[in-house]
2 protein chains.
Amino acid sequence: MSLRMTRQREVVASLLESVEGFHSAQELYEMLLSDGERIGLATVYRTLQLFSEHELVDVMRNADGESVYRSCQAAGRHHHHLLCRKCSKTIEIDGPTVEQWALQVGARHGFTDIEHTIELYGICSNCRATAGANTG
Amino acid sequence: MSLRMTRQREVVASLLESVEGFHSAQELYEMLLSDGERIGLATVYRTLQLFSEHELVDVMRNADGESVYRSCQAAGRHHHHLLCRKCSKTIEIDGPTVEQWALQVGARHGFTDIEHTIELYGICSNCRATAGANTG
DNA sequence: ATGCGTGCAAACGATTTGCAGCCGG
DNA sequence: CCGGCTGCAAATCGTTTGCACGCAT
């Protein structure tokens with residue numbers, strides 16, 4: 001690829017691999033700052049967009065409609081996510097079932113080129129155990 | 001309910017029933033204006049929020065992350081949507097399959113209180129027939 | 001009469017963009 | 001050296017909010 005590898009892009013890529021779960025551009029930006037890195041917010045946005053275009057990161061929208069990113073181990077591989085509403089723990093989901101379902105539903109209605117957005121939200125077992133104890 | 005019924009709220013509700021598919025607050029606002037109605041954009045937003053809280057309208061997010069609304073015939077009934085990327089035709093989907101799938105996947109990972117966001121996008125048969133002919 | 005609802009515009013938060021200077025290849 | 005990359009801040013865009021007034025109840 002013709003991507004010029006700069007310090008900024010390296011640290012963004014590096015950060016993405018060192019953190020768990022999904023994070024917004026703003027969050028990543030702040031992490032970088034407190035990490036002592038010199039980088040602009042716009043650059044973080046541009047880098048994240050670039051990475052996602054090249055399928056180097058996994059992108060999804062959180063409940064607020066904001067874009068959140070994560071290093072994509074399963075790059076290029078289609079999958080979805082199950083995320084805890086309390087602790088934000090995220091689990092990657094492989095759903096041949098839904099994939100099939102989506103295609104079938106689409107086909108049944110005469111649609112082609114089916115794509116889909118699927119996100120699952122719930123309370124993980126850990127948070128369930130401490131339910132009500134961490135409201136904040 | 002303790003909702004005061006005002007002219008503005010009536011016209012918003014009325015408009016929602018007279019149009020097909022999903023529309024953003026801004027779109028609805030402009031429709032009202034060109035309809036000769038006197039109403040503020042903020043009121044449209046507030047009204048739409050209110051309606052959705054009372055489950056009087058169906059809300060979803062479009063691909064851009066914006067909230068779009070539609071009068072909800074199947075009020076309170078959980079369902080999803082299949083929408084054409086070309087003409088925006090929207091089809092309401094009942095998916096016991098996915099509902100089950102979502103619950104199972106959640107349970108398998110120890111999650112409870114499972115909720116989900118599912119949207120399907122595709123090209124409808126009609127647009128498929130005229131494919132490439134209406135780019136813009 | 002009371003207080004919720006409204007309109008306007010300013011505030012807001014996320015994201016994008018213009019432009020001049022920097023640096024990787 | 002050249003052109004893509006960066007940083008900053010201003011510009012956008014959708015949405016929310018503060019405040020004074022109007023209207024439904």
Side-chain angles (χ1 to χ4, degrees), chain A residues 1-16 19 21-54 56-70 83 88 117 119, chain B residues 1-16 19 21-54 56-70 83 88 117 119:
Chain A
M1 56 189 80
S2 58
L3 290 193
R4 195 175 285 190
M5 193 42 73
T6 65
R7 186 174 47 69
Q8 289 90 334
R9 288 180 182 176
E10 276 176 5
V11 297
V12 169
S14 167
L15 174 59
L16 279 169
V19 298
F22 286 80
H23 301 276
S24 68
Q26 310 257 0
E27 285 174 342
L28 293 169
Y29 169 64
E30 283 169 26
M31 290 183 210
L32 289 173
L33 286 195
S34 46
D35 229 15
E37 297 294 345
R38 234 192 117 28
I39 189 172
L41 176 58
T43 298
V44 174
Y45 272 104
R46 283 189 279 229
T47 299
L48 254 14
Q49 279 180 354
L50 192 70
F51 282 2
S52 69
E53 282 168 15
H54 288 255
L56 297 175
V57 298
D58 205 3
V59 196
M60 68 175 266
R61 289 206 188 255
N62 65 18
D64 293 328
E66 306 170 354
S67 295
V68 287
Y69 309 80
R70 191 186 64 164
L83 118 131
S88 293
T117 295
E119 318 285 6
Chain B
M1 59 189 80
S2 58
L3 290 192
R4 196 174 286 191
M5 194 41 75
T6 65
R7 186 177 44 68
Q8 290 88 333
R9 288 178 181 176
E10 277 176 4
V11 297
V12 169
S14 168
L15 174 59
L16 279 168
V19 298
F22 287 80
H23 300 275
S24 68
Q26 310 256 0
E27 285 175 341
L28 294 168
Y29 169 63
E30 283 169 27
M31 290 182 211
L32 289 173
L33 286 196
S34 45
D35 230 15
E37 297 294 344
R38 230 189 119 30
I39 188 172
L41 176 57
T43 299
V44 174
Y45 272 103
R46 284 189 279 231
T47 300
L48 254 15
Q49 280 179 354
L50 191 71
F51 283 2
S52 68
E53 281 168 18
H54 289 255
L56 297 174
V57 298
D58 205 1
V59 196
M60 67 175 266
R61 290 203 187 257
N62 64 18
D64 293 328
E66 305 171 356
S67 295
V68 287
Y69 308 81
R70 191 186 65 165
L83 121 129
S88 293
T117 295
E119 317 287 5

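Here is the naming used below: chain letters follow the sequence lines, and residue numbers restart at 1 for every chain.
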| Are Q8(A) and dG7(D) close enough that a side-chain N or O sits under 4.0 Å from OP1 or OP2? | yes

| task | Return no unless some side-chain N or O of T6(B) is found under 4.0 Å from OP1 or OP2 of dT6(C). | result | yes

| field | Under-4.0 Å side-chain N/O to phosphate OP1/OP2 contact, Q49(B) with dT16(D) | value | yes

| request: Would you please confirm or rule out a distance under 4.0 Å between OP1 or OP2 of dT6(C) and any side-chain N or O of R9(B)? | output: yes

| said: On the side chain of R4(B), is there an atom forming a donor-acceptor pair with the base of dC4(C) - under 3.5 Å, no angle test? | reply: yes

| Charged N to carboxylate O under 4.0 angstrom, R61(B) versus E119(B)? | no

| message | Check this one for me: any side-chain N or O of R38(B) less than 4.0 Å away from OP1 or OP2 of dC8(C)? | response | yes

| request: Could you check I39(A) against M5(B) and say which one's nearest nucleotide on DNA chain D is further toward the 5' end? | output: I39(A)

| Any chance the side chains of Q26(A) and Y45(A) put a donor and an acceptor closer than 3.5 Å? | yes

| field | Nearest-nucleotide comparison on DNA chain D, the residue closer to the 5′ end among L41(B) and A42(A) | value | A42(A)

| If you look at every heavy atom in F51(A) and V12(A), which pair is closest and at what distance? | CE2-CG1, 4.0 Å

| message | Using only modelled atom types and a 3.5 angstrom limit, is any donor from either the side chain of R7(B) or the base of dG5(C) paired with an acceptor on the other? | response | no

| Which part of the nucleic acid, if any, lies within reach of S67(B) when heavy atoms closer than 4.0 Å are counted: base, sugar-phosphate only, or nothing? | sugar-phosphate

| Would one find a side-chain N or O of Y45(B) under 4.0 angstrom from OP1 or OP2 of dT16(D)? | no

